[in-house]
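Working notes, structure below.
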Amino acid sequence: MTGRASITSDPGVGAPSGDGREPAVRIVELTKEFSGGVRALGGLTFDVPRGELTSIIGPSGCGKTTTLKIVGGLIDATSGSVEVDGVPVTGPGPDRAFVFQDFALMPWATVLRNVAFGLELRGVDRKEREETARAYVDKVGLAGFEDSYPHQLSGGMRQRVGLARALAVDADILLMDEPFASVDEQIRRQFQEDLLRLLSEESKTVIFVTHSIEEAVYVSDQVVILTRGPSSVSKVVRPGIDRGAGSDDIRRDPAYLDWVEQIWHELRDYLER
Amino acid sequence: MAASAGIRVGRTASRRAAARLSSPWLLRGASILFVLGLWEWAGRIPVNVAFPSCTETLAALGEMLVDGTLAEAYAETAGPLIVGVLLTAVGGVFAGVVMGLSPRAEWLGLPVFIVLQASPSAAIIPLITFVYGIGFTAKVFAVVLLSAPVIVLNSYRGIANTPRSLVEMSNAFLASRWQRIWKVVIPAGSGLIFAGLRLGLAQGFTGAVLAELIITPTGVGDLITFYRSSAEYAQMFAVILSIILVASISVTLLQNLERRLFRPELRAL
């Protein structure tokens with residue numbers, strides 16, 4: 001295995017990222033304590049390389065979503081820092097767009113208005129934002145559903161709306177909180193492939209929270225494995241699966257299966273402890 | 001589980017018959033006919049000399065419609081009712097929204113409206129006359145007194161229970177405070193707000209008639225008092241029946257207006 005050599009067991013600051021450039025997001029000694037004294041994060045440190053997809057994976061309740069929401073500026077950290085392009089995060093910003101696990105679509109608005117909502121809030125005029133929204137509705141494969149309402153769509157289609165909304169604001173960083181968790185397995189695979197295709201066209205930096213090891217290995221350039229809460233980074237691995245091979249071949253590729261197995265072992269240690 | 005399976009089988013077997021049976025209009029019509037039938041039967045026994053049968057009441061209703069008695073009475077009642085309901089609709093929704101948005105306003109206002117909702121309004125209405133006399137203002141106040149709690153409390157609940165994920169979404173996409181309130185919080189609460197307005201309108205009818213019965217006999221309340229004192233019970237019940245009809249029709253109209261203007265997603269069902 002060539003991949004195994006690239007495991008960094010010390011994911012400290014300055015760990016070599018994808019191509020040695022400044023990371024898009026740098027997370028240093030991040031902690032979060034909720035009111036009531038529940039300590040969710042116990043000092044996370046890792047870098048998110050620019051233009052790559054980084055997954056955060058770990059046992060349930062380990063603070064994956066909390067981490068993502070701190071990066072998104074939706075909740076405050078107790079201590080530590082998150083820097084986006086070298087600038088500390090103090091709140092939500094136009095450089096980051098969020099895809100929510102429960103879709104968070106407005107039931108009273110059409111697909112088109114939901115997709116254009118980020119632009120609407122920024123004061124982009126109607127004609128222009130609807131034009132942009134139409135293009136992204138088309139890109140995520142929902143052409144023809146512009147005037148439908150969320151309740152008329154399946155779970156998978158609703159999340160496509162959520163993805164289009166995040167892409168439409170043209171942020172550099174996409175924060176995806178278990179985007180496929182509420183989507184059934186067949187649709188999930190199709191969706192993963194579509195996501196990879198879209199990302200290859202858009203050159204975004206993505207932080208992707210998931211509880212599925214297969215999904216993490218399949219979609220990620222880098223996987224951050226968290227320990228159980230109060231969590232810290234257990235390992236950062238770079239599977240480096242060659243995605244040119246086509247999805248069915250990848251899922252049978254021994255390297256892919258080996259990575260899935262390795263991450264599972266890493267996680268199982270924390271489950272049994 | 002078994003019940004739902006049974007329904008499914010029934011549907012495939014005789015979908016058309018089932019659809020016809022479960023048609024809301026047919027069911028509604030049947031239940032109305034059933035109640036009217038019971039009424040007719042009870043009136044013919046008779047249960048009480050003061051209890052007219054359905055047909056007598058309907059005849060009296062027709063008569064009063066034709067000779068203009070009802071129209072005249074409603075023209076008089078409509079004044080305080082419309083003014084009161086409009087005042088409460090605007091003020092009540094506003095108060096409820098503010099209470100839903102601001103913890104301080106909630107602390108200050110919520111107990112007042114909960115107490116008002118639980119208080120016996122009919123007992124409070126006579127007190128209004130000490131302050132506002134027996135004129136138009138007093139009647140408007142009675143309408144407001146009855147319709148305000150339900151409108152305020154529903155609006156408050158609609159705003160206070162905005163789905164967290166939508167608030168989080170609006171933050172993530174950089175909504176300002178006002179954008180969040182206008183574009184997310186109020187639309188998300190509009191279902192409950194409108195439910196409050198419908199209930200408030202129905203309460204407003206009660207308030208208007210109560211005021212006319214308790215404060216000064218005018219309009220519809222006067223008709224009821226008059227026919228009761230002259231023992232024309234069919235006429236008296238006809239007036240009461242007309243109130244029920246007018247109130248339900250206005251509430252239904254309000255619901256249709258809401259759907260037409262504010263809820264495009266329900267039309268697409």
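Letters A, B, ... mirror the listed sequences (proteins, then strands); counts begin at 1. Hydrogens, waters and symmetry mates are skipped; everything else that's a heavy atom, side chains included, is used.
- Residues A:L121 and B:L174 are not in side-chain contact: their nearest non-hydrogen atoms beyond the backbone lie 4.5 Å or more apart.
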Trace of the side-chain contact (heavy atoms from CB on, under 4.5 Å) decision for A:M106 with B:M169
CA-CA 10 Å; A:M106 301 177 292; B:M169 182 278 289; 3.9 Å; yes
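- Using a 4.5 Å cut-off between heavy atoms, A:Q101 does not touch chain B at all.
- Within 6.0 Å of CZ on B:F94 lie no more than 12 heavy atoms contributed by other residues, nucleotides or ligands.
- Using a 4.5 Å cut-off between heavy atoms, A:L175 makes no contact with chain B at all.
- Contact detail for B:N171 and A:L74: the closest heavy-atom pair is CB-CD2, 4.0 Å.
- Residues A:F117 and B:K183 form a side-chain contact, since some pair of their non-hydrogen atoms from C-beta on lies under 4.5 Å apart.
- Between B:S165 and A:A104, the shortest heavy-atom contact is O-CB, 3.7 Å.
- At a 4.5 Å heavy-atom cutoff, A:P150 makes no contact with chain B through either its backbone or its side chain.
- By the neighbour-count criterion of 12 heavy atoms within 6.0 Å, atom CZ of A:R122 is densely surrounded, having more than that number from other residues, nucleotides or ligands.
- Here A:P94 is the residue among A:P94, A:S148, A:A109 with the most heavy-atom pairs under 4.5 Å with chain B.
- Here the closest heavy-atom approach between residue B:F173 and residue A:F98 is recorded as CZ-O, 3.6 Å.
- Using non-hydrogen atoms only and a strict 4.5 Å limit, the part of residues 161-173 of chain A facing chain B consists of A:R165, A:A166, A:V169.
- Proximity to chain A among residues 184-192 of chain B is limited to B:V184, B:P187, B:A188, judged by heavy-atom separations below 4.5 angstrom.
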